[in-house]
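One structure below.
Every chain is numbered from 1 and lettered A, B, ... according to where its sequence line falls, protein lines coming before strand lines.
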Amino acid sequence: MRIGELSRRTGTPTRLLRYYEEQGLLTPGRLPNGYRDYGEHLVDRVQQIRGLLDVGLPTRVIKDVLPCLDTPCTITISDASEELVELLRRERDRMDARIACLARNRDAIDAYLAQVTASRGAV
DNA sequence: CTTCTGACA
DNA sequence: TGTCAGTA
């Protein structure tokens with residue numbers, strides 16, 4: 001499929017699809033007319049990439065983890081340099097920190113909302 | 001009409 | 001990341 005269809009099917013701007021390729025995350029083939037040619041399996045791959053990106057992993061790391069990614073949303077255990085393992089462990093810890101921060105902010109909002117609700121009810 | 005590369009208020 | 005340009 002060409003970039004337009006992949007974009008629609010993944011909800012990813014073509015601009016980003018080309019960017020991911022530039023970063024070595026995708027390597028689509030080329031049609032005789034020069035257009036990029038994406039295989040079906042790349043639909044899932046893009047999902048993987050976006051998911052990892054959303055969690056905060058830089059494209060640099062994703063490029064190394066990519067060969068370990070499986071179709072759905074799982075990460076298959078395969079090779080993995082000690083360096084990559086350590087990097088991922090640090091990323092995991094950063095995720096924990098973000099989760100804790102989000103939880104605090106959520107609780108703060110809950111408290112605020114409770115106040116607003118109470119005052120409105122009183123009046 | 002769709003995609004391509006390169007550039008930047 | 002968005003977007004505009006000038007092509008093929």
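In this structure, the side chains of R50(A) and T10(A) stay at 4.5 Å or more apart for every pair of heavy atoms. Looking at I62(A) and Y20(A), their side chains never come closer than 4.5 Å, going by heavy atoms from C-beta outward. Between P28(A) and D37(A), the closest side-chain pair of non-hydrogen atoms is not below 4.5 Å.
A heavy atom closer than 4.0 Å to some atom of DNA chain C occurs in P13(A), R15(A), L16(A), these being the qualifying members of residues 12-21 of chain A. Non-hydrogen atoms lying under 4.0 Å from DNA chain B are contributed by R30(A), G34(A), all within residues 22-34 of chain A.
Taking the salt bridge (charged side-chain N to carboxylate O under 4.0 Å, His left out) definition, one finds that E86(A) meets it with R89(A), sequence neighbours left out. Taking L102(A) as the reference, nothing meets the side chain to side chain contact (heavy atoms under 4.5 Å, CB included) condition, with sequence neighbours excluded. For D107(A), there are no salt bridge (charged side-chain N to carboxylate O under 4.0 Å, His left out) partners, not counting sequence neighbours. Scored by the salt bridge (charged side-chain N to carboxylate O under 4.0 Å, His left out) test, E21(A) finds R30(A), R36(A) as partners (sequence neighbours excluded).
Residue R8(A) is out of contact with every strand shown, counting any heavy-atom pair closer than 4.0 Å.
Note: Q48(A) CD to L42(A) CG = 11.5 Å, rounded to the nearest 0.5 Å.
Among pairs with a residue in residues 91-100 of chain A, those fulfilling side chain to side chain donor-acceptor pair (under 3.5 Å) read R92(A)-D96(A), at least two apart in sequence or across chains.
Taking 4.0 Å as the cutoff to heavy atoms of chain A, we find the contact window on DNA chain B bounded by dT2(B) to dA7(B). You can see that DNA chain C meets the heavy atoms of chain A within a 4.0 Å-exclusive cut from dT1(C) to dA8(C), reading 5' to 3'.
In the hydrophobic clustering, where aliphatic and aromatic side chains (Ile, Leu, Val, Met, Phe, Trp, Tyr) are joined below 4.5 Å either directly or transitively, Y112(A) groups with I109(A), L113(A), V116(A).
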Exercise. Return one dot-bracket line describing DNA chain C 5' to 3' (Watson-Crick or G-U wobble pairs, both distances under 3.5 Å; ( ) same strand, [ ] crossing, | another strand, . none).
Key: .|||||.|
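No chain of hydrophobic side-chain contacts below 4.5 Å, direct or via other Ile, Leu, Val, Met, Phe, Trp or Tyr residues, connects Y35(A) to L6(A).
When atom types are taken as modelled, the side chain of S7(A) and the backbone of I3(A) share no donor-acceptor pair closer than 3.5 angstrom.
Under 4.0 Å is where a charged nitrogen must lie from a carboxylate oxygen, and between R9(A) and E40(A) at least one such pair does.
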Quiz item: Given the rule in the side chain to side chain contact (heavy atoms under 4.5 Å, CB included) test, do Y19(A) and L25(A) qualify, once you have shown the distances and angles that lead to the verdict?
Solution: CA-CA 9 Å; Y19(A) 175 68; L25(A) 273 42; over 6 Å; no
Going by atom type alone, with no hydrogens or angles, which donor-acceptor pairs under 3.5 Å involve a side-chain atom of residues 54-61 of chain A and a protein atom two or more places apart or on another chain?
none

